[in-house]
Amino acid sequence: TFALGYSYGRIDYEEEDPIEVATVPDIYEDSSDLTQESQTHTGKADFKYILNPKLSCLVAYSYAYTDREENPGQLVSANFSRQNVLGGFEAKLTPRIQSNIQAGYGWTSYEDVGELSQDDQNDFLAETSITANFAHLPLVTVGYRRYFVENDFGDTLLTDNAFGRVGFKVAQGF
């Protein structure tokens, strides 16, 4: 199978009672100056090849672009793009439950902000998940992803991400 997808994400902040922030005087006075709204556009392509009735090979590619929205005089961050390539296997545990394990590589590229630039980052990704498909109920996936990201100072940072997805059958075959 081959599947293409698109998702849109948006982060908005509302702070009714901002807290005072201890930073360099006269630059940031409260926490609302340190929040950044953004929108993210993500495209994804997935390929699955069935090796035998219980085991499939998976390859996934995703590209995400995050556009930061800032007001003048507030914290400045770069827009960035992130690409991930993952490969792995999916195993059928029962006729309605499957598990998958994938590993891959990611690249993050930052746009320059004025005269400031940030080094691109590379990271190793590992992901595992379980998907259940029950009759007359939604398709449910729960999983865990671990990133090993290199920061600008050459340090490797470990990030964990637990996730869940729910899908509904719209029509026969969809």
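When a residue number appears, it is its place in the shown sequence, counting from 1.
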Inset, instruction - Report, as yes or no, whether the 6.0 Å neighbourhood of atom CD1 on Ile50 holds more than 12 heavy atoms from other residues, nucleotides or ligands. - result: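 Not buried by this count: 12 neighbours or fewer within 6.0 Å.
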Legend entry - Atom of Leu86, atom of Leu125 and distance for their closest heavy-atom approach: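 Taking every non-hydrogen atom into account, CD2-CB, 4.0 Å.
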Inset, instruction - Kindly indicate whether the side chain of Val85, heavy atoms from C-beta on, has any atom under 4.5 Å from the side chain of Tyr61. - result: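 Answer yes - side chains close enough.
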What distance separates [X] [atom1] from [Y] [atom2], expressed to the nearest 0.5 Å?
X	Y	atom1	atom2	answer
Lys92	Gln98	NZ	CD	7.0 Å
Phe89	Ser56	CZ	OG	10.0 Å
Leu58	Ile101	CG	CD1	11.0 Å
Arg82	Tyr63	CZ	OH	11.5 Å
Ser81	Glu111	OG	CD	7.5 Å

Inset, instruction - Sorted by first residue and then second, give each side chain to side chain donor-acceptor pair (under 3.5 Å) pair with at least one member in residues 39-49; sequence neighbours left out. - result: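 Side chain to side chain donor-acceptor pair (under 3.5 Å) check on residues 39-49 returns Tyr6-His41, Tyr8-Gln39, Gln39-Glu69, Thr40-Thr66, Lys48-Glu90.
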Inset, instruction - Could you tell me which residues satisfy ring-ring contact (aromatic ring centres under 6.0 Å, His included) with Phe163, sequence neighbours excluded, listed by chain and number? - result: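 Per chain and number, Phe163 pairs via ring-ring contact (aromatic ring centres under 6.0 Å, His included) with no residue.
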Inset, instruction - Step by step, work out the side chain to side chain contact (heavy atoms under 4.5 Å, CB included) result for Asn84 and Arg145. - result: CA-CA 13 Å; Asn84 294 321; Arg145 180 180 274 199; 3.9 Å; yes
Legend entry - Criterion side chain to side chain contact (heavy atoms under 4.5 Å, CB included) on Asp120 and Trp107, from CA distance to verdict: CA-CA 7 Å; Asp120 294 344; Trp107 302 268; over 6 Å; no
Legend entry - Between Phe2 and Phe47, ring centroids under 6.0 Å: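 Here the rings of Phe47 and Phe2 have centres that are no less than 6.0 Å from each other.
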Inset, instruction - Return yes if some donor-acceptor pair links the side-chain N/O of Thr128 with the main-chain N/O of Asn100 below 3.5 Å, else return no. - result: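 Flag set: sc Thr128 to bb Asn100 pair under 3.5 Å.
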